[in-house]
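Shown next, in C-alpha cells, is the structure this report addresses.
Because the structure is a prediction, the values reported are computed rather than measured.
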Amino acid sequence: MTHDLQIGTLRTLAAIVDQGGFGRAAKALHLTQPAVSQQMRRLDAFLKEPVFAATGRNLRLSPAGQELLAYARKMLSLNDEAVARFTPPHGGMRVSVGISDQFSEALSAILGGLKRAAPESRVTLRTGPSEVLTEQIAAGSLDLALLIDPSDDPAYRVEEIGPIELAWFGRPAARHGAPLPLALFTEPSTLRGLTLAAVDGAGVPWTSAYEGAELIGLRAAIHAGLGIACLVANADEMWGLPTAVHPGLPRPPGPVPTGLAVSPRVPQAYADSALESIRAALDGYPFTVSQHA
C-alpha cells in the first residue's frame, strides 16, 4: 500500500521545530493550533509512534521524528525549488533567454536591462554557441535568443541588431612557410565556416591546431599560443587576447549579422523592451552601424 506524505503537513512539522512550539508555528503558518495538532496526529499515525517525545516548553522530537524531519527538509527544499522554477512571480512572467557566448561580457548589463523592462518577470538564462541556441528557440525551449548570423525559421522572428566586426587573434610560434595553425570551433559553427572560407579563399595553407565547442576553451588555446582564431573584433579588450600578426593572413571575414530571435509566445511589448535593453547592453561591441538605427 502506498502512503503519500503531504507537503503542507511536513511544512508544519518543520515550522514547529523552527518556531519552538505548536502555537508559534500556527501563527507563522496562519493556521489554528488545533489544525497544527491534527496534522501532527496524522504523522504519529504514519510513524506508528509519536513524532514528539515531549511538547510544550520541553519540545523534543522522538528518534523517528528526527529522522522524519530530515526527510521533510529535503522534500520541502525540492518542492520549493520546483515551484520557483515553474511558477512566475505574482503579476509577472517567466522568460527563458539564450545569449551567444560571444556576448558573455555583456551578460550583467543584459540581465539588468531585462529586469528593468519587466521588474516582476523571472529570467532563466542559457549561454552557448549561436547554433545550439538556434536549435533551442526553434524547438520552443527558449523565448528569446541573441544570435550571431541568425537563420530564418517560421518558429521565431528575428529583430535585427546589426552587423558585428570580426578580427584575427593569436600569435602562435610557427616556422616560416609552415601552414597557418588555426584554433577552431567544432561543427556546427558559423565562425568556423567563416574562418575556413577566408583562409581557403586567400589560398593560405592551414592546419587545425585546436578544436573545441566552447569559447572558454578557444580563448585558452589562443592564450597558450596554440593557434589563430577569428572572434568579435573587441576580443583583445574583453579577454586580453593578442591581435594576430602573421604573414599572409587574409582580411577577417564579416561583418556578420546579429539579431534577437523572438518566439511568437512573447508579448510584443516585452519583446520591444527586451530588444531595446539588449541593444543598450551591447553598446561597447564593434558593430559597423549604430544598433539604434
Side-chain angles (χ1 to χ4, degrees), residues 97-107 109-110 126-138 142 144-153 155-170 180 182-202 204 206 208 210-219 221-222 227-239 241-244 246 249-262 274-275 278-293:
V97 181
I99 305 293
S100 169
D101 50 15
Q102 297 291 322
F103 302 112
S104 58
E105 295 304 306
L107 283 179
I110 290 172
R126 300 178 195 174
T127 60
S130 288
E131 295 73 24
V132 173
L133 300 178
T134 297
E135 293 177 358
Q136 292 177 353
I137 193 167
L142 286 176
L144 302 170
L146 176 59
L147 307 172
I148 290 181
D149 198 22
S151 57
D152 293 328
D153 193 295
Y156 55 81
R157 71 178 188 277
V158 176
E159 299 287 353
E160 181 182 357
I161 291 178
I164 195 166
E165 296 179 356
L166 305 177
W168 299 107
F169 297 94
L180 179 69
L182 294 178
L184 299 165
F185 288 109
T186 52
E187 292 282 10
S189 168
T190 297
L191 289 183
R192 177 191 176 98
L194 291 171
T195 298
L196 297 183
V199 295
D200 287 340
V204 177
W206 60 274
S208 175
Y210 169 87
E211 294 194 19
E214 297 183 351
L215 176 62
I216 189 171
L218 196 76
R219 286 160 44 188
I222 296 171
I228 289 175
C230 185
L231 296 170
V232 292
N234 62 338
D236 53 344
E237 300 172 2
M238 290 192 299
W239 305 314
L241 299 181
T243 55
H246 196 282
L249 193 64
R251 290 177 58 85
V256 182
T258 64
L260 182 66
V262 182
L275 179 62
I278 289 173
R279 282 174 169 164
L282 297 178
D283 191 53
Y285 278 77
F287 291 93
T288 56
V289 295
S290 171
Q291 301 157 254
H292 304 278

Is a side-chain N or O of [X] found less than 3.5 angstrom from the main chain of [Y], in a donor-acceptor match?
| X | Y | value |
| --- | --- | --- |
| T288 | I164 | no |
| W239 | N234 | no |
| R192 | F185 | yes |

Residues which pass side-chain hydrogen bond (donor to acceptor under 3.5 Å, both in side chains) with [X], listed by chain and number, not counting sequence neighbours:
| X | result |
| --- | --- |
| D200 | W206 |
| T258 | none |
| R251 | none |
| T190 | E131 |

Quiz item: Given the rule in the side chain to side chain contact (heavy atoms under 4.5 Å, CB included) test, do I161 and F287 qualify, once you have shown the distances and angles that lead to the verdict?
Solution: CA-CA 9 Å; I161 291 178; F287 291 93; 3.8 Å; yes

Practice problem: Could you please spell out the steps behind the side chain to side chain contact (heavy atoms under 4.5 Å, CB included) verdict for E165 and V256? | Solution: CA-CA 7 Å; E165 296 179 356; V256 182; over 6 Å; no

Quiz item: Closest approach of D101 and P129, non-hydrogen atoms and distance?
Solution: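 D101 and P129 have their closest heavy atoms at OD2-N, 3.8 Å.
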
Exercise. Report yes if some heavy atom in the side chain of S104 is under 4.5 Å from a heavy atom in the side chain of I99; otherwise report no.
Key: no

Practice problem: Could you check if a side-chain atom of S151 sits within less than 4.5 angstrom of a side-chain atom of T134, using non-hydrogen atoms only? | Solution: yes

Practice problem: Rounded to the nearest 0.5 Å, what's the gap from CG on L142 to CZ on R126? Could you check? | Solution: 4.5 Å

Self-check item: Under the side-chain contact (heavy atoms from CB on, under 4.5 Å) test, residues paired with A213 that sit two or more places apart
Solution: T186

Exercise. Apply side-chain contact (heavy atoms from CB on, under 4.5 Å) to V262 and list each qualifying residue two or more places apart in sequence or on a separate chain.
Key: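 If we apply the side-chain contact (heavy atoms from CB on, under 4.5 Å) test to V262, skipping adjacent residues, the hits are L144, R157, E159, L260, V266, A271.
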
Exercise. Check each of L182, L184, L196 against S208 using the side chain to side chain contact (heavy atoms under 4.5 Å, CB included) test, and report the only one that passes.
Key: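 By the side chain to side chain contact (heavy atoms under 4.5 Å, CB included) criterion, S208 pairs with just one of L182, L184, L196: L184.
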
Quiz item: Yes or no on side chain to side chain contact (heavy atoms under 4.5 Å, CB included) for L147 and S100, after CA distance, side-chain angles and deciding distance?
Solution: CA-CA 6 Å; L147 307 172; S100 169; 5.6 Å; no

